[in-house]
Amino acid sequence: MSDFSLKLHMPVEHMQKIFGMQDAYLKKLERDFDVSIVDRNGGIVISGDEDRVKKAEGVLRQLSIISERGNEIEEQSVDYAITLGMEEKEKALTEIDSDCICHTVNGKPVKPKTLGQKAYVDAIRKNMLVFSLGPAGTGKTYLAMAMAITAFKNNEVGRIILTRPAIEAGEKLGFLPGDLQSKVDPYLRPLYDALYQIMGAESFAKNMEKGLIEVAPLAYMRGRTLDNAYIILDEAQNTTPAQMKMFLTRIGFGSKVVVTGDNSQKDLPAGTKSGLDIAVRVLKGIDDIAFCTLTSKDVVRHPLVQKIVQAYEKFETKEAAGSRQKTGERQRSRR
């Protein structure tokens, strides 16, 4: 490690937020950039290799700006800042943070947290139909819900329609008690959760009673024309090609549609093609339709979720390569 060092002035309150509990974030920054960071006379002194010191300084400056705007500094924020700092893209952090979609009922701002999420939100603003593909925890549904609620509150649409296919996740639940709504509610619970958090239970209940917010299984969409509505199809990887075509042909005038799905988590019967896979191939290149692919870099849940997603991606890539190799060997042996 060379003797190059830089001093960065930062108010104590922001320094505490950026350093984290028991300096957990500070240690992460030191380890990943291979530098020494110390608090000296009300400033931060960064020492080490010149290139790495400058990258660490850039990340700390951006985190300081985000903290000054009143944001909490979370572990995910620090991890993503480090990733961008390594690529010398850390200035994108403040650009992402400046895009506030709405506030939850508790006053917490809802914002994109990664470049992938920012591109997704921008695509929704610019296009009538957006397909969002990516692993769990990338904010596909939550951001779509935030955009829908914002459009509804601004009178850009007259109602919100949320739907998903009612398919069990590899389990057989048998006969469920209660009326029809009680039977389908377990499948739609993630949508309710997002609505409650952003809109509030009371406001949601009032609009639900008026029919301005509808949460229903995909099967209920058949035969309808959905005008002046914000429509979200969640878990689209579990649609059949016929269901996806049926849904997409429901779109009416003045509507906006977001379709979200994770191709790695299909619950369809073996041998059944996914409507999402077919739609991606068929609809590419059509104006006013955008496709956003989020990756493990865009996971905003607990950092462990990101590691789990990455581990599965590596495993599935390795399995697919092994399968292709075996197929090639069988074909060569037949010749």
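Numbering starts at 1 and runs along the sequence shown. For the numbers below, each heavy atom of this structure counts, side chains included, while hydrogens, waters and symmetry mates do not.
- The heavy-atom pair separating Leu212 from Gly158 by the smallest distance is CD2-O, 3.6 Å.
- The shortest side-chain heavy-atom distance between Met221 and Ile161 falls under the 4.5 Å cut-off.
- Between Gln76 and Thr114 the shortest side-chain heavy-atom distance falls below 4.5 Å.
- Judged by distance alone, the side chain of Tyr230 and the main-chain N or O of Phe152 form no donor-acceptor pair under 3.5 Å.
- By the salt bridge (charged side-chain N to carboxylate O under 4.0 Å, His left out) test, Lys273 is found to be paired with no residue, residues two or more places apart in sequence or in another chain being considered.
- Residue pairs satisfying the ring pair (Phe, Tyr, Trp, His ring centres under 6.0 Å) criterion with at least one member in residues 242-294, sequence neighbours excluded, are listed as follows: Phe131-Phe291.
- Side chain of Asn207 to backbone of Ile213: no donor-acceptor contact under 3.5 angstrom is found.
- For NZ of Lys7, the number of neighbouring non-hydrogen atoms (other residues, nucleotides, ligands) closer than 6.0 Å is greater than 12.
- Every residue meeting the side-chain hydrogen bond (donor to acceptor under 3.5 Å, both in side chains) condition with Arg125, not counting sequence neighbours, appears here in chain and number order: Asp99, Asp122.
- Grouping Ile, Leu, Val, Met, Phe, Trp and Tyr by side-chain contacts under 4.5 Å, direct or through others, puts Val45 with Val38.
- For the pair Ser36 (side chain) and Ser47 (backbone), a donor-acceptor distance under 3.5 Å is absent.
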Please output the side-chain donor-acceptor pairs of residues 80-93 that fall under 3.5 Å, not counting sequence neighbours, one pair per line with the distance.
from, atom 1, to, atom 2, distance (Å)
Tyr80, OH, Leu115, N, 2.8
Thr83, OG1, Asp79, O, 3.0
Glu87, OE2, Lys297, NZ, 3.3

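- When all heavy atoms of Met10 and Leu60 are compared, the pair lying nearest together is CE-O, 3.9 Å.
- Here the side chain of Ser77 pairs no donor or acceptor atom with the backbone of Ile73 at under 3.5 angstrom.
- With rounding to the nearest 0.5 Å, the separation of CE in Met15 from CD1 in Ile44 is 4.5 Å.
- Although no hydrogens or angles enter the test, the distance criterion places a donor-acceptor pair under 3.5 Å between the side chain of Thr163 and the main chain of Ala216.
- Residues Tyr120 and Thr260 are in side-chain contact: their nearest non-hydrogen atoms beyond the backbone lie under 4.5 Å apart.
- From Asp39, atom CG reaches atom CG of Leu26 across 9.5 Å, with rounding to the nearest 0.5 Å.
- Applying the ring pair (Phe, Tyr, Trp, His ring centres under 6.0 Å) definition to pairs two or more places apart or across chains, none involves residues 8-33.
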Would you please test Asp277 and Arg281 for salt bridge (Lys or Arg N to Asp or Glu O under 4.0 Å) and show each step? CA-CA 7 Å; Asp277 291 344; Arg281 296 210 307 265; over 6 Å; no
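- Phe4 and Leu8 fall within the same hydrophobic cluster, where Ile, Leu, Val, Met, Phe, Trp and Tyr residues are linked whenever their side-chain heavy atoms come under 4.5 Å apart, directly or through other members.
- Asp298 and Thr138 share no donor-acceptor pair across their side chains, judged by distance under 3.5 Å alone.
- Proximity of Asp34 to Asp49: side-chain heavy atoms (C-beta onward) are nowhere separated by under 4.5 Å.
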Please walk me through it: do Cys292 and Lys140 pass side chain to side chain contact (heavy atoms under 4.5 Å, CB included)? CA-CA 10 Å; Cys292 295; Lys140 303 183 299 295; over 6 Å; no
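- Residues passing the side chain to side chain contact (heavy atoms under 4.5 Å, CB included) test with Ala136, sequence neighbours excluded: Gln265, Arg301.
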Could you walk me through whether Val258 and Met147 pass side chain to side chain contact (heavy atoms under 4.5 Å, CB included), step by step? CA-CA 10 Å; Val258 181; Met147 295 292 287; over 6 Å; no
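- In terms of hydrophobic clustering, with Ile, Leu, Val, Met, Phe, Trp and Tyr side chains grouped at heavy-atom distances under 4.5 Å, Met244 and Met128 are assigned to a common cluster.
- Across all their heavy atoms, Leu218 and Met246 have their closest contact at O-CE, 3.7 Å.
- Under the salt bridge (Lys or Arg N to Asp or Glu O under 4.0 Å) criterion, the residue pairs touching residues 197-211 are Glu202-Lys206, with sequence neighbours excluded.
- Taking every heavy atom of both residues into account, Thr150 and Cys102 meet most closely at OG1-CB, 3.3 Å.
- Sorted by first and then second residue, the pairs that involve residues 221-234 and meet salt bridge (Lys or Arg N to Asp or Glu O under 4.0 Å), not counting sequence neighbours, are Arg164-Asp234, Glu214-Arg224.
- Connection of Ile101 to Leu162 is established within a shared hydrophobic cluster, with ILVMFWY side chains joined at heavy-atom distances below 4.5 Å, either directly or through further cluster members.
- Here side chain to side chain donor-acceptor pair (under 3.5 Å) pairs that include residues 101-113, with residues two or more places apart or in two chains, are Asn71-Lys111, Glu74-Lys113, Asp97-Lys111.
- Shown here is Tyr196, whose OH atom has more than 12 heavy atoms of other residues, nucleotides or ligands within 6.0 Å.
- Summarising the geometry of Ala144 relative to Ile124, their closest heavy-atom pair is CA-CD1, 4.4 Å, with the distance given to 0.1 Å.
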Does Thr94 form a side chain to side chain donor-acceptor pair (under 3.5 Å) with Gln62? I'd like the steps, not just the answer. CA-CA 6 Å; Thr94 47; Gln62 297 304 308; 3.1 Å; yes
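- Linking Ile, Leu, Val, Met, Phe, Trp and Tyr whenever their side-chain heavy atoms come within less than 4.5 Å leaves Ile65 and Leu29 in two separate clusters.
- The side-chain heavy atoms of Val257 and Leu226, taken from C-beta on, include no pair separated by under 4.5 Å.
- Val105 and Met199 sit in two unconnected hydrophobic clusters of ILVMFWY residues. Membership requires side-chain heavy atoms under 4.5 Å apart, directly or through other members.
- Not counting sequence neighbours, Glu30 has no partner by the salt bridge (charged side-chain N to carboxylate O under 4.0 Å, His left out) test.
- No donor-acceptor pair closer than 3.5 Å links the side chain of Thr293 to the backbone N or O of Leu133.
- Annotation for Asp287: atom CG does not count as buried by contact number, only 12 or fewer foreign heavy atoms lying within 6.0 Å.
- Judged as a side-chain hydrogen bond (donor to acceptor under 3.5 Å, both in side chains), and not counting sequence neighbours, the contacts of Glu68 are Ser64.
- Checked by atom type and distance alone, the side chain of Ser255 pairs as donor or acceptor with a backbone atom of Asn228 at under 3.5 Å.
- A distance-only check finds a donor-acceptor pair linking the side chain of Asp262 to the backbone of Ser264 [under 3.5 Å].
- For the pair Leu195/Ile149, a side-chain contact is recorded, criterion being any heavy-atom separation below 4.5 Å from C-beta on.
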Would you check, one step at a time, whether the test side chain to side chain contact (heavy atoms under 4.5 Å, CB included) holds for Val53 with Ser5? CA-CA 7 Å; Val53 166; Ser5 63; 6.0 Å; no
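- Side-chain contact between Thr239 and Val259: absent, with no pair of heavy atoms (C-beta onward) separated by less than 4.5 Å.
- The two residues Gly261 and Leu276 make their nearest non-hydrogen contact at CA-CD2, 3.9 Å.
- With values rounded to the nearest 0.5 angstrom, Glu95 atom CD is found 5.5 Å from Lys118 atom NZ.
- Side-chain contact between Leu233 and Pro165 is present, with heavy atoms from C-beta onward closer than 4.5 Å.
- Side-chain contact, Lys17 with Ser67: a donor N or O sits under 3.5 Å from an acceptor N or O.
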